[in-house]
Amino acid sequence: MVRALRTARQVDAEAVPAGSPEVRVGQRAVVVGGSVAGTLAARVLSDHYREVIVVDRDQVLGVDVPRRGTPHTAHAHGLHGRGYLILTELFPGLRSDLQKKGVPVGDLGEMRWYFDARRAQPARTGLLSVTAPRPVLEDYLRSRVAALPNVTYRQGTELTGLRATADNRRITAVALRDVGTGAESVLDADLVVDVTGRGSRLPVWLEQLGYRRPVEERMKIGLAYTTRLYRKRPEMFGGTQSINPVASPAHPRGAFFGQVGEDECIVSLTGILGDHPPSDPEGFLDFARSLPVPDVYEGLRDAEPLTDPVTFTFPASMRRRYERLSRFPERLLVLGDAVCSFNPVYGQGMTVAAIEAMTLRKWLLRGEPPSPRGFLRDIGRVVDVPWQISTSGDLDFPGVPGKRSAMVRIGNAYMARLQYAATKDPAVTSTFMRVAGLIDPPSALMRPGLIRRVLRLSRDRTAAPATGSTSSSDRVDQVERATS
């Protein structure tokens with residue numbers, strides 16, 4: 001709690017300096033992709049390269065609504081915990097600027113969380129969460145980066161390939177095409193950063209240059225979001241920033257119902273494995289009524305809709321194992337969803353992008369271009385924890401295909417008990433939120449004192465039906481008996 005309070009004071013003051021002392025690394029860096037990960041990469045690179053050029057196939061500057069190339073941005077997003085802290089360092093005044101726009105900023109632990117249809121005890125954690133519409137947040141960040149004197153955006157321009165030295169060991173330029181005219185050009189670069197998302201063509205281009213493609217891992221979840229904006233009424237939220245019934249094996253339908261502006265709120269309904277929330281207004285309301293808690297349906301049944309329901313499907317989480325490659329071209333890096341795209345219900349994407357940007361800054365402060373293999377190994381370590389959290393959580397749903405090791409089964413059974421304990425004890429909620437906000441590692445949930453507290457508070461929890469000879473809950477019962 002002392003650490004949380006210190007964090008709160010730091011965030012409120014926003015006193016962290018905007019950047020580190022300038023260390024010049026090169027002349028021109030080219031960032032391909034202008035979403036959050038690309039914008040943060042450009043912000044960090046601007047301190048170390050004389051010129052930074054951001055290339056995007058869409059028109060992105062001044063755009064604060066969902067665009068064709070990023071349909072996922074129409075749905076609920078959150079910038080939580082560690083991601084918020086990093087952005088306040090890179091963009092001083094972030095909190096006050098967002099609040100002037102009417103964007104809610106509140107404590108992550110004081111939101112109305114429901115685990116297995118039971119409300120978690122609210123906890124003041126000092127970890128703040130921004131629930132801005134994703135396009136509004138992106139537009140704000142891009143406008144700040146575009147205003148930097150050494151950053152230029154080339155909009156309506158797509159990457160068509162990479163240029164390299166004769167031995168293909170070092171990338172020297174990017175091949176570009178104007179989307180409108182079809183005109184082709186080549187842009188020299190001292191460093192190229194691919195942040196083009198999960199549709200990145202980098203594996204293909206690596207193979208063309210004589211390198212191996214990274215191994216891809218997928219976790220099929222069959223997730224679908226259906227989202228609608230409503231006119232906000234004060235009584236909808238009862239003083240909380242958002243209402244979040246978290247999906248679980250017992251209640252696989254979930255939702256995020258939150259404030260996103262002075263007069264607007266957003267409802268994103270989620271279903272998995274083909275149970276997709278309908279996009280017709282009546283079906284949308286029926287799905288909301290089927291949630292395990294009534295709060296969402298009661299809040300919107302008589303509310304004024306501002307948009308039609310829209311749906312976005314997310315078949316699988318995906319990770320490209322660049323860190324395992326034995327060879328990789330110099331002066332080429334890859335970040336963001338192009339490396340790893342997580343199940344979005346965990347709210348990790350923007351925070352992981354922020355951590356990756358700070359990893360890039362750490363390398364640049366050495367005064368030379370990052371070593372690709374060393375950098376990618378560091379990015380792999382950044383991705384390890386959120387990937388473990390999301391894939392282990394997905395494997396808790398019986399219909400999700402994948403190997404369930406003993407560690408995963410016991411871990412998920414313990415997490416079910418920890419979330420139950422959070423409905424009784426705000427200290428457990430606080431600890432859980434520090435891990436969910438990527439402040440603390442998952443090992444923080446396994447400290448002996450917390451384990452004892454969780455097992456004591458969850459003694460009256462009804463165990464899930466056994467599958468096989470010994471269920472996960474049975475295994476945790478064995479741990480409980482051994483601990484006591």
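Just so you know, these numbers use all the heavy atoms, side chains as well, and skip hydrogens, waters and symmetry mates.
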Query raised in the report: Where do C340 and R320 land on the side chain to side chain contact (heavy atoms under 4.5 Å, CB included) test, with the steps shown first?
Result: CA-CA 6 Å; C340 190; R320 295 186 176 107; over 6 Å; no

Query raised in the report: Which is it for D384 and R319 under the salt bridge (charged side-chain N to carboxylate O under 4.0 Å, His left out) test, yes or no, and what are the steps along the way?
Result: CA-CA 10 Å; D384 279 341; R319 181 176 184 179; 2.9 Å; yes

Query raised in the report: Checking side chain to side chain contact (heavy atoms under 4.5 Å, CB included) for the pair V32/V193: CA distance, chi angles, key distance, verdict?
Result: CA-CA 6 Å; V32 187; V193 185; over 6 Å; no

Query raised in the report: Which is it for V246 and Y114 under the side chain to side chain contact (heavy atoms under 4.5 Å, CB included) test, yes or no, and what are the steps along the way?
Result: CA-CA 6 Å; V246 177; Y114 286 96; over 6 Å; no

Report task. Take Y322 and F375 through the side chain to side chain contact (heavy atoms under 4.5 Å, CB included) test and state the conclusion after the steps. Result -> CA-CA 10 Å; Y322 284 105; F375 174 81; over 6 Å; no

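Contact check for L137 versus L98: side-chain heavy atoms found under the 4.5 Å cut-off. Considering only heavy atoms from C-beta on, F284 comes within 4.5 Å of V267 through its side chain. In this structure, V383 and E356 have side chains that are in contact, with non-hydrogen atoms separated by less than 4.5 Å. For the pair D337/M318, no side-chain contact is recorded, criterion being any heavy-atom separation below 4.5 Å from C-beta on. You'll find the side chain of I439 stays beyond 4.5 Å of the side chain of M433, heavy atoms only. Counting heavy atoms from C-beta outward, N412 and S392 have side chains that approach closer than 4.5 Å. Counting heavy atoms from C-beta outward, W113 and S242 have side chains that stay 4.5 Å or more apart. Side-chain atoms of P278 and F287, non-hydrogen and from C-beta on, do get closer than 4.5 Å to each other.
For the residue pair D116 and S248, a side-chain donor N or O sits within less than 3.5 Å of a side-chain acceptor on the partner. Using a 3.5 Å distance cut-off with no hydrogens or angles, the side chains of T311 and T226 do pair a donor with an acceptor. The closest side-chain donor-acceptor pair between R118 and T423, if any, does not fall under 3.5 angstrom. Checking N343 against S317 by side-chain atom types alone, no donor-acceptor pair falls below 3.5 Å. No side-chain N or O of T359 forms a donor-acceptor pair with one of D378 less than 3.5 Å apart. Counted by atom type alone, Q241 and T131 present one or more donor-acceptor pairs between their side chains at under 3.5 Å. Between the side chains of Y140 and D64, no donor N or O sits under 3.5 Å from an acceptor N or O.
Using a cutoff of 4.0 Å between basic side-chain nitrogens and carboxylate oxygens, E216 and R321 are not scored as salt-bridged. Ion pair D460/K424 flagged as a salt bridge, since at least one NZ, NE, NH1 or NH2 atom sits closer than 4.0 Å to an Asp/Glu carboxylate oxygen. Using a 4.0 Å cut-off between charged side-chain N and carboxylate O, D139 and R134 make no salt bridge. Salt bridge status for R324 with E217: present, with a side-chain N to carboxylate O gap under 4.0 Å. Under 4.0 Å is where a charged nitrogen must lie from a carboxylate oxygen, and between R361 and E89 at least one such pair does. Here R289 pairs with D286 in a salt bridge; the nearest charged N to carboxylate O distance falls below 4.0 Å. A salt bridge links R144 to D97: one of the charged nitrogens lies within less than 4.0 Å of a carboxylate oxygen. Salt bridge E207/R213: present, at least one basic N to carboxylate O contact under 4.0 Å.
Side-chain N or O atoms of T196 include none that pairs as donor or acceptor with a backbone N or O of G33 at under 3.5 Å. Between the side chain of S458 and the backbone N or O of R461, no donor-acceptor pair lies under 3.5 Å. Listed for the D56 side chain is a donor-acceptor partner under 3.5 Å among the backbone atoms of D58.
More than 12 non-hydrogen atoms from other residues, nucleotides or ligands lie less than 6.0 angstrom from CD of E304. K220 NZ: 12 or fewer foreign heavy atoms inside a 6.0 Å radius.
Distance check, rounded to the nearest 0.5 Å: CZ of R142 to CD of E138 gives 5.0 Å. Interatomic distance, R112 CZ to I243 CD1, rounded to the nearest 0.5 Å: 4.0 Å. Atom NZ of residue K232 and atom CG of residue L306 lie 12.0 Å apart, to the nearest 0.5 angstrom. Taken to the nearest 0.5 Å, the CG atom of N244 stands 8.5 Å off from the CZ atom of F115. Separating the CG atom in L335 from the CD1 atom in I355 is a distance of 12.5 Å, to the nearest 0.5 Å. Note that OG of S430 is 9.5 Å distant from CG of L108, once rounded to the nearest 0.5 Å.
A cation-pi arrangement, defined by a distance under 6.0 Å to the six-membered ring centre and an angle within 45 degrees of its axis, is present between R198 and F314.
If you run side chain to side chain donor-acceptor pair (under 3.5 Å) between D425 and each of Q121, R456, R453, only R453 comes through.
For Y230 and F257, the gap between ring centers reaches or exceeds 6.0 Å.
Screening residues 233-258 for salt bridge (charged side-chain N to carboxylate O under 4.0 Å, His left out) gives R233-E235, R253-D275 as the qualifying pairs, with residues at least two apart or on separate chains.
Residues L395 and G402 approach most closely at CD2-CA, 3.8 Å, considering heavy atoms.
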